[in-house]
J.: 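I'd like to ask you about the structure that follows.
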There are 2 protein chains.
Amino acid sequence: MRAMPRVSEAHLAARRQQILDAARACFARNGFHATSMQDVISEAGLSVGAFYRYFKSKEELVTAIAEQVIGRVSDLLDEVRAINPPPPIEDVMRRLLQTVDPQFSPDGVFPMALQVWAESLRNPELAAFVRTIYGRVRGHFDEIARDQQAAGRLPADADPEAVGAVLFSMVPGYALQRVLLGRPDPDTFLAGITALLHAPDKN
Amino acid sequence: MRAMPRVSEAHLAARRQQILDAARACFARNGFHATSMQDVISEAGLSVGAFYRYFKSKEELVTAIAEQVIGRVSDLLDEVRAINPPPPIEDVMRRLLQTVDPQFSPDGVFPMALQVWAESLRNPELAAFVRTIYGRVRGHFDEIARDQQAAGRLPADADPEAVGAVLFSMVPGYALQRVLLGRPDPDTFLAGITALLHAPDKN
DNA sequence: CCTTAAAACGAATGTTCGTTCTCTTTAGCG
DNA sequence: CGCTAAAGAGAACGAACATTCGTTTTAAGG
């Protein structure tokens, strides 16, 4: 049996991605809530019925998009840390900011990440996913701190997780300034980091 | 003429605030978009008609709430900087984080600020307001940096605006970690700042 | 205490939305 | 080439929504 009128597996995956791409464009333009299903479906050039063959609901679509967005953030960070041997903190942060800087533009991942964060406050499933991914990212910053400590560029008694948290904080903190205020540029920000690292001991 | 059946000015203001308080509670619980007008109106114990006497639309309500929330963030920062004479950077940041820490809880202002930020990406009017207030807050961090430089705790040739940007970035960056990951606690984060400030010069 | 207009009310409205369901088309298989 | 079941289409539906509007209540002025 198994009469099999099905279409190729690749075609199904392509259709699904076609919807995801359309949704990403719409969400970036208008946000999750102000985007109607019709918007997404029209953007994808499909019919309502076709959409609901690939996603059970709008919420499932939002979650899928969120996973892609957060996953990309994590990957970006992975790349930066893969550099060997570990350069000084300022260089690590420079490379990091230069890598993520394009993502701060209106069609980058950061504006959407902002929406995911806000959404995760009232969507426990999404919150759990966000926690998993960002925990992993945080872990990489801890590793960076450990590398720096091993290289003698941090006090021997410093807590790597504490330093990792501070380094981690600078990335979304900087992103927020860029998105909301439009400044400073990466070089200025990096100069600020350098100045703080070279603060004379006066305490 | 002027038959005047009006109620006292104070009563009008109180009613308005009553609505704002109810809205804040609802928005904190469910977010701007998932909160219906009926939710807000019921929470306030009013009628639909009464609400629309005080606000033209839901959007106007959201804007009013956003203004209150952001205004409070700014005020908090103002207080911390008013301390004289300026303590060392670590102490400034300690005081700052201790002041804003309660605001990271689910009913604090930070979760709502997150929503305001996300919302401002597609509401130009709100975006302009956010820019104004956060610009002012940023300015205070620049002043902190200048104070520190004058006290010899930063390199003489450092750019205060660059240092201010970095210090500023740590606050929302830390808040995000607290809200999304639940850690680290303020003391650990502050220890991380201390470790970075005391990094041995190896470059 | 009666008049008057603001204030409050809440049923009604019209729209928009996400989703369902039935029908048609398509593509693989024998 | 015809059979079959999946894929796609889109009209239709019901729920939820923000807002309006005609009416009732309230309180200050004369």
Side-chain angles (χ1 to χ4, degrees), chain A residues 1-24 26-27 29-66 115 119 122-123 125-126, chain B residues 1-24 26-27 29-66 115 119 122-123 125-126:
Chain A
M1 275 289 157
R2 198 84 165 75
M4 283 294 199
R6 235 188 275 160
V7 96
S8 81
E9 189 101 354
H11 180 243
L12 292 177
R15 266 280 199 271
R16 196 183 150 90
Q17 191 57 48
Q18 173 183 356
I19 293 172
L20 285 171
D21 290 344
R24 195 204 302 277
C26 291
F27 290 161
R29 198 161 41 227
N30 291 108
F32 293 148
H33 296 284
T35 296
S36 72
M37 293 308 299
Q38 205 47 249
D39 292 340
V40 174
I41 288 161
S42 299
E43 176 94 16
L46 290 177
S47 69
V48 180
F51 170 85
Y52 279 95
R53 195 158 289 283
Y54 292 90
F55 292 91
K56 218 181 66 204
S57 67
K58 185 183 187 180
E59 185 158 322
E60 192 177 292
L61 178 63
V62 169
T63 303
I65 288 282
Q115 290 185 59
E119 190 69 12
R122 27 169 246 95
N123 181 340
E125 201 180 333
L126 192 54
Chain B
M1 276 289 159
R2 199 84 164 74
M4 283 295 196
R6 234 188 276 158
V7 93
S8 81
E9 189 100 356
H11 180 243
L12 291 177
R15 266 281 199 271
R16 196 184 150 90
Q17 191 57 48
Q18 173 184 356
I19 293 171
L20 285 171
D21 290 344
R24 196 204 302 278
C26 291
F27 289 160
R29 197 161 42 226
N30 291 109
F32 293 149
H33 297 283
T35 297
S36 73
M37 293 309 298
Q38 204 47 248
D39 292 340
V40 174
I41 287 161
S42 299
E43 175 94 16
L46 290 176
S47 68
V48 180
F51 170 85
Y52 280 95
R53 193 159 292 282
Y54 293 90
F55 293 91
K56 216 181 68 204
S57 66
K58 185 182 186 178
E59 184 158 323
E60 192 177 292
L61 178 64
V62 169
T63 302
I65 287 283
Q115 289 185 59
E119 190 69 12
R122 28 169 245 97
N123 181 340
E125 200 180 333
L126 193 54

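Side-chain atoms are counted along with the backbone in the values below, which use heavy atoms only and exclude waters and symmetry mates. Reminder, nothing fancy here: chain letters follow the sequence lines and each chain counts from 1.
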J.: What pair of heavy atoms forms the shortest contact from B:T35 to B:C26, and how long is it?
T.: OG1-O, 3.3 Å
J.: Which pair of heavy atoms, one from A:A44 and one from A:I19, lies closest together, and at what distance?
T.: CB-CA, 4.4 Å
J.: List the residues meeting side chain to side chain contact (heavy atoms under 4.5 Å, CB included) with A:Q38, not counting sequence neighbours, and say none if there are none.
T.: A:S36, A:I41, A:S42, A:V48
J.: Can you name the residues that form a side-chain hydrogen bond (donor to acceptor under 3.5 Å, both in side chains) with A:N30, not counting sequence neighbours?
T.: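 Testing A:N30 for side-chain hydrogen bond (donor to acceptor under 3.5 Å, both in side chains), a comparison that skips the adjacent residues, returns none.
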J.: Taking salt bridge (charged side-chain N to carboxylate O under 4.0 Å, His left out) as the test, write out the residues that go with B:R24, two or more places apart.
T.: none
J.: Any residue in residues 9-21 of chain A with a heavy atom nearer than 4.0 angstrom to DNA chain D? Just list them by number, or reply none.
T.: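 The stretch gives A:H11, A:L12, A:R15 as the residues lying under 4.0 Å from the strand, ordered by number.
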J.: Which whole-number value in Å describes the distance from A:Q38 CD to D:dA9 P?
T.: 12 Å
J.: Name all pairs fulfilling the side-chain hydrogen bond (donor to acceptor under 3.5 Å, both in side chains) condition that reach into residues 43-62 of chain A, sequence neighbours left out, sorted by first residue then second.
T.: A:R29-A:E43
J.: Mind checking what makes salt bridge (charged side-chain N to carboxylate O under 4.0 Å, His left out) contact with B:R15, not counting sequence neighbours?
T.: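 B:R15 satisfies salt bridge (charged side-chain N to carboxylate O under 4.0 Å, His left out) with no residue once adjacent residues are dropped.
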J.: May I have the distance from A:M37 (atom CE) to C:dT20 (atom C1'), rounded to whole angstrom?
T.: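 Checked: the CE to C1' distance equals 13 Å.
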J.: Heavy-atom contacts under 4.0 Å between residues 45-60 of chain B and DNA chain D, which residues?
T.: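 Here the set is B:V48, B:Y52, B:S57, B:K58.
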J.: Which sits closer to the 5' end of DNA chain D, B:S8 or B:A34, going by the nucleotide each is nearest to?
T.: B:A34
J.: Using the side chain to side chain contact (heavy atoms under 4.5 Å, CB included) criterion, which residues pair with A:E119? Sequence neighbours excluded.
T.: A:F32, A:H33, A:R122, A:L126
